[in-house]
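Here's the structure, in structure tokens; my notes come after.
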Amino acid sequence: MYHQDASLFVVATPIGNLKDITLRALEVLAGVDVVVSENVRKTRNLLDHFGIRTRVASYREENAGRMGSVIVGMLGRAKNVALVAEAGTPGLSDPGRLLVRKVRREGFRVVAVPGPSALAAAISVAGMDEQRLVFEGFLPRRRSKRRERLGELAGEARAIVLFEAPHRLLETLGDMLGALGDRSCVVCRELTKLHEEVEEGTISYFVSKYQAAPPIGEFVIVASGSAEPGRGAPRAAGVSFEEAVAEARELVAGGRRKTEAAKLVEKKYGLRGGGIYQALATSHRKGEGK
């Protein structure tokens, strides 16, 4: 049975444009006893913008255990608490899920105050053919783990939605190319912000684009599902994409130009889309192959 004296309000806040905040969110943020956030400075700036003086406390992955107990204690003293993420809807790729679970298990009410979400925003402008999606959030930071997870997703028929930071974007796109093949995707940059970009293209196109101009801003990638559900990256004549790239690297090591090596391997195995060259170019940029 729920305690009726106090509630944890899970409040969505703008991902960029401050005008996206809802009237209900403003009312809740102004009326609770404390707001807890993974980024106190950013949340304080948001509240100041709207003239809200509510106290802000830190709730991060690192202090989730201790602060979770503190927040439950506040609720037990009939103090209402609002949970916000650094931006967007709490519980999606942030520690908010831990607090929600703890508070509910302690018998207190958890109330959703919906609003801005990078996930929903990206899907709304992607226009993908798939009616279903799988949300991965941020892939593992360690490259071996990231490649392993992408390999598991290679046969996924649903659209795949990823979050990525600018300093890891190019590596992630390169790993996607190797694991998923050169499929279509929509890349959303700085959603709702001044320099918002939403662009559709192949994975290899975006590899080339961000090799030429280093990425800036926060990204959401919506990749189309596999044309052959249950199977991994495209194989031709029994050779995987990774094996084809390895063969092209051997040609480059033997003196062939990357463009020539890529064309030879693609012709040999019936591969298309320029993915072999993009994989060679990505590995060269990272110092893996010459």
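Note that this is a predicted model, so its numbers are computed, not measured. For the single chain, residues carry numbers from 1 onward in sequence order.
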Pair R142-S144, side-chain donor/acceptor within less than 3.5 Å: no
Under 4.0 Å between a side-chain nitrogen and a carboxylate oxygen: does that hold for E197 and K209? yes
Should L173 and M176 count as side-chain neighbours, where that means a heavy-atom distance under 4.5 Å? yes
Nearest 0.5 Å please: distance from the CD1 atom of I203 over to the OG atom of S184. 8.5 Å
Mind listing the closest non-hydrogen atom pair of R168 and F138 along with its distance? NH2-CD2, 4.0 Å
Are V220 and M128 connected in a single hydrophobic cluster, I mean Ile/Leu/Val/Met/Phe/Trp/Tyr linked by side-chain heavy atoms less than 4.5 Å apart? yes
Check this for me, if you would: do R55 and D33 make a salt bridge, where the nitrogen-to-carboxylate-oxygen distance has to be below 4.0 angstrom? no
Minimal non-hydrogen separation, L98 against Y59, with atom names: CB-OH, 3.5 Å
A side-chain contact here means heavy atoms from C-beta on lying under 4.5 Å apart; do I221 and I160 qualify? no
Heavy-atom check, side chain of R249 versus side chain of L280, under 4.5 Å: yes
Test of understanding: clusters of I, L, V, M, F, W, Y form through side-chain heavy atoms closer than 4.5 Å, transitively. Do L8 and V84 belong to the same one? no
Separation between CG of L26 and NE2 of H49, rounded to the nearest 0.5 Å: 9.5 Å
Can you name the closest pair of heavy atoms from E190 and G217 and give their distance? OE1-CA, 3.3 Å
Work out which heavy atom in A179 is nearest to a heavy atom in A154; give both atom names and the distance. O-CB, 3.4 Å
For the side chain of T192 and the backbone of G16, is there at least one donor-acceptor N/O pair under 3.5 Å apart? yes
Can you tell me if CG on L18 sees more than 12 non-hydrogen neighbours from other groups inside 6.0 Å? yes
Testing the basics here: between T22 and G115, what is the closest heavy-atom pair and its distance to 0.1 Å? CG2-CA, 4.4 Å
Heavy atoms, side chains only, cut-off 4.5 Å: are L92 and F135 in contact? yes
Do V36 and V110 belong to the same hydrophobic cluster, where Ile, Leu, Val, Met, Phe, Trp and Tyr are linked whenever their side-chain heavy atoms lie under 4.5 Å apart, directly or via other members? yes
Hey, mind stepping through E199 and V186 against side chain to side chain contact (heavy atoms under 4.5 Å, CB included) and telling me if it holds? CA-CA 6 Å; E199 189 174 9; V186 174; over 6 Å; no
For a side chain to side chain contact (heavy atoms under 4.5 Å, CB included) check, start with the C-alpha distance between V111 and R109, then their side-chain angles and the critical distance, and finish with the verdict. CA-CA 6 Å; V111 180; R109 192 165 62 120; 3.8 Å; yes
For residues V125 and C188, report the shortest heavy-atom separation together with the two atoms involved. CG2-SG, 4.2 Å
Any donor-acceptor pair under 3.5 Å linking the side chain of T89 with the backbone of P116? yes
Note, T54 side chain near V32 side chain (heavy atom, < 4.5 Å): yes
Counting only N and O atoms by type, is there a donor-acceptor contact under 3.5 Å from the side chain of S37 to the main-chain atoms of N39? yes
Keeping the roles fixed (side chain from R97, backbone from P90), state whether a donor-acceptor pair exists under 3.5 Å. no
Aromatic contact, F219 with Y210 (centres under 6.0 Å): yes
Any donor and acceptor pair, going by atom type alone, linking the side chain of R256 with main-chain N or O of A253 inside 3.5 Å? no
Are a donor atom and an acceptor atom from the side chains of E164 and T172 found within less than 3.5 Å of each other? yes
Straight-line distance of E62 CD to E38 CD, nearest 0.5 Å: 9.5 Å
Side-chain contact test, heavy atoms from C-beta onward, threshold under 4.5 Å: evaluate it for E27 versus V113 and give yes or no. no
Which residues pass the side-chain hydrogen bond (donor to acceptor under 3.5 Å, both in side chains) test with D129, sequence neighbours left out? none
May I ask you to test the P14-L46 pair for a side-chain heavy-atom distance under 4.5 Å? yes
Can you find a heavy atom in the side chain of R24 that is under 4.5 Å from one in the side chain of P114? yes
Would a distance-only check, ignoring hydrogens and angles, find a side-chain to backbone donor-acceptor pair under 3.5 Å from N45 to K42? no
Can E136 and R149 be counted as an ion pair, charged N to O under 4.0 angstrom? yes
Are the side chain of T43 and the backbone of V40 linked by a donor-acceptor contact shorter than 3.5 Å? no
About how many Å separate OH of Y205 and CG of L177, when rounded to the nearest 0.5 Å? 15.0 Å
When rounded to the nearest 0.5 angstrom, what is the spacing between CZ in F9 and CG in N80? 5.0 Å
Under 4.0 Å between a side-chain nitrogen and a carboxylate oxygen: does that hold for E130 and R132? no
Keeping R158 on the side-chain end and V134 on the backbone end, is there a donor-acceptor pair under 3.5 Å? no
Straight-line distance of D20 CG to I15 CD1, nearest 0.5 Å: 7.0 Å
Look at K193 together with E218 and state whether they make a salt bridge at an N to O cut-off of under 4.0 Å. no
Cluster link V35 to L99, ILVMFWY, side chain under 4.5 Å: no
